[in-house]
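As the structure lists them, so they are numbered: ligands from 1, and atoms in each ligand from 1. Any value given below was found using the heavy atoms of this structure, including those in side chains, with hydrogens, waters and symmetry copies removed. Starting from 1, each residue takes its place in the sequence as its number.
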Amino acid sequence: MSSAELSVFIRAIGVHTPERKLTNAELSKMVDTSDEWIKTRSGIGERRIAGPGENPSDMGAKAAAKALERASLTPTDVDLLIVATMTPDVPFPSTACLLQAKLGLRRDIPCFDVSAACSGFVYALQVAKDMMRSGAYRRALVVGAEKLSSVVDWSDRTTCVLFGDGAGAVLLETTSEKNVGLLGNLLGADGNNAELLHCVGGGSAAPATADSLRDGKHFLRMNGKEVFRHAVRVMAESCERVLSKCDVKSEQVAWFIPHQANIRILEAVASQLNVGMDRFPSNLERYGNTSAASIPLALEEAWTDGKIKHGDLVLIVAFGAGLTWGATLLRWHEPTR
Ligand code: COA
């Protein structure tokens with residue numbers, strides 16, 4: 001069989017979120033905000049906050065271990081690991097290498113991070129798929145793991161109410177079956193709008209100094225209104241373009257699993273696509289925006305809730321800092337429980 005014939009599907013999925021919940025009521029004691037403002041503007045009720053020593057590699061390892069357990073596989077069965085994160089444990093080595101060691105993956109496999117912010121999981125899925133279709137890797141772990149609480153300025157009410165921590169992992173596998181798993185995709189970026197959502201300090205251009213720390217240069221900063229505008233347009237366009245590429249109509253898609261940024265963004269995208277919100281599951285109320293972890297978290301929940309069924313067409317779509325975006329159409333193959 002030629003390797004070009006291989007399809008790649010999600011054999012198992014696992015998630016992990018920190019125990020600590022930070023509610024809107026608690027936040028309103030930290031900054032000048034209210035439960036009503038946060039819920040109305042974002043749909044978020046609470047978010048999870050990682051404890052000290054609970055890092056993306058730890059959360060990601062737990063999510064990946066859950067996926068392996070559900071697949072009745074062991075870490076030695078994994079041939080490739082890609083971690084999507086914008087909050088790596090450390091600048092280097094990669095979070096993937098740290099996760100590899102924690103999970104006990106083999107040493108003869110590639111382990112690396114993908115940096116595409118909130119679109120990271122969709123980017124990483126595509127990279128994994130393309131590496132696997134060559135036939136060189138049979139099973140891959142793709143992990144989205146984030147600790148946004150470490151880059152949020154907890155005195156800035158315009159951003160701190162929106163983000164949370166968590167991790168999700170999928171175990172991908174190749175199969176000779178046709179028309180299953182990751183069917184088609186689209187990725188894009190616009191670095192000209194990088195300053196709309198960024199962190200200017202702490203990298204090689206502006207290493208951390210006492211002054212940069214005092215000025216809060218290591219925190220995430222965002223132009224919320226502009227990000228909102230771009231997110232709606234680009235997510236709707238990405239869905240339309242990937243559907244047209246795959247020759248599928250939006251009516252045929254059972255579930256849209258969007259990056260969980262903000263409920264009003266999701267509503268605007270659904271409205272542009274002329275799709276009801278009943279086909280746009282959301283867990284924003286409980287987790288907020290967990291960046292690269294948000295799609296696997298939402299996907300796992302929609303599946304365990306009994307929404308996504310074997311054979312369903314599922315469209316995942318993301319948007320994030322960069323700016324970056326991406327969409328992937330999947331034919332759902334019932335994962336192992
Ligand atoms: N609580 C109370 N008031 C707040 C607030 C908060 N947490 N944050 C901002 N405000 C205030 C502002 O200071 C402003 O006050 P002013 O009119 O006196 O200046 C007012 O609320 C309105 O602010 P505005 O920025 O116009 O609100 P908005 O309707 O644009 O909503 C966001 C703000 C951030 C919720 C919205 O722009 C958004 O969702 N953007 C996209 C963010 C996102 O999803 N980013 C990640 C993408 S991957």
**Report entry** Atom indices of ligand 1, in the order listed, that fall short of 4.0 Å to a heavy atom of H259
**Finding:** 48 (S)
**Report entry** Check ion pair E300-R70 (N to O, under 4.0 angstrom)
**Finding:** yes
Query raised in the report: In the hydrophobic cluster built from side-chain contacts under 4.5 Å, what are the other members alongside L297?
Result: V15
Query raised in the report: Closest non-hydrogen protein atom to atom 45 (N) of ligand 1, residue and atom name please, with distance?
Result: M222 SD, 3.2 Å
Query raised in the report: Between N262 and R41, is there a donor-acceptor pair closer than 3.5 Å when you use the side chain of the first and the backbone of the second?
Result: yes
**Report entry** Interfacing atoms of ligand 1 (cut-off 4.0 Å, heavy-atom, A261)
**Finding:** 44 (O)
Query raised in the report: Within the structure, does R41 bring an N/O atom to less than 3.5 angstrom of an N/O atom in ligand 1?
Result: yes
Query raised in the report: When hydrophobic residues are tied together by side-chain contacts of less than 4.5 Å, even through go-betweens, does L330 share a cluster with L186?
Result: no
Query raised in the report: More than 12 non-hydrogen atoms from neighbouring residues, nucleotides or ligands closer than 6.0 Å to CG on D305, yes or no?
Result: yes
Requested in this report: Could you tell me whether atom 16 (P) of ligand 1 has a protein heavy atom closer than 4.0 Å?
Outcome: no
Query raised in the report: Are any side-chain N or O atoms of D312 and backbone N or O atoms of K309, one a donor and one an acceptor, separated by less than 3.5 Å?
Result: yes
Report task. Work out whether the distance between some heavy atom of D32 and some atom of ligand 1 is less than 4.0 Å. Result -> yes
Query - Protein heavy atom at shortest distance from atom 13 (O) of ligand 1 - result: R157 NH2, 3.0 Å
Query raised in the report: What is the nearest protein non-hydrogen atom to atom 40 (N) of ligand 1, stated with its residue, atom name and distance?
Result: G224 O, 2.9 Å
Query raised in the report: Any sub-3.5 Å donor-acceptor pair from R48's side-chain atoms to G164's backbone N or O?
Result: no
Query raised in the report: Do any N or O atoms from the side chain of R157 and from the backbone of D32 form a donor-acceptor pair under 3.5 angstrom?
Result: yes
Requested in this report: Considering only non-hydrogen protein atoms, determine which one is nearest to atom 39 (O) of ligand 1 and report residue, atom name and distance to 0.1 Å.
Outcome: N262 ND2, 2.5 Å
Query raised in the report: Under 4.0 Å from atom 20 (C) of ligand 1, do we find at least one protein heavy atom?
Result: no
Query raised in the report: So is V161 polar-close to ligand 1, meaning N/O to N/O under 3.5 Å?
Result: no
Query raised in the report: Closest non-hydrogen protein atom to atom 1 (N) of ligand 1, residue and atom name please, with distance?
Result: T33 OG1, 2.6 Å
Query raised in the report: From atom 24 (P) of ligand 1, is the closest protein heavy-atom distance below 4.0 Å?
Result: yes
Throw together a table of side-chain donor-acceptor distances under 3.5 angstrom for residues 316-325, partners on residues two or more places apart or in other chains.
| unit_1 | atom_1 | unit_2 | atom_2 | d |
| --- | --- | --- | --- | --- |
| T324 | OG1 | A116 | O | 3.1 |
| T324 | OG1 | S119 | OG | 2.9 |
| T324 | OG1 | A321 | O | 3.0 |

Query raised in the report: Among F319, W37, F163, which one has a heavy atom closest to atom 9 (C) of ligand 1?
Result: W37
Report summary line: Nearest non-hydrogen protein atom to atom 47 (C) of ligand 1, with distance, is V227 CG1, 3.7 Å
Query raised in the report: To which of N289, N223, L266 does the heavy atom nearest atom 46 (C) of ligand 1 belong?
Result: N289
Query raised in the report: Which of these, E36, R264, K225, M86, has its nearest heavy atom closest to atom 32 (C) of ligand 1?
Result: R264
Report task. Without swapping roles, check the side chain of D77 against the backbone of T74 for a donor-acceptor pair under 3.5 Å. Result -> yes
Query raised in the report: Just by distance, do the side chain of D165 and the backbone of S149 share a donor-acceptor pair under 3.5 Å?
Result: yes
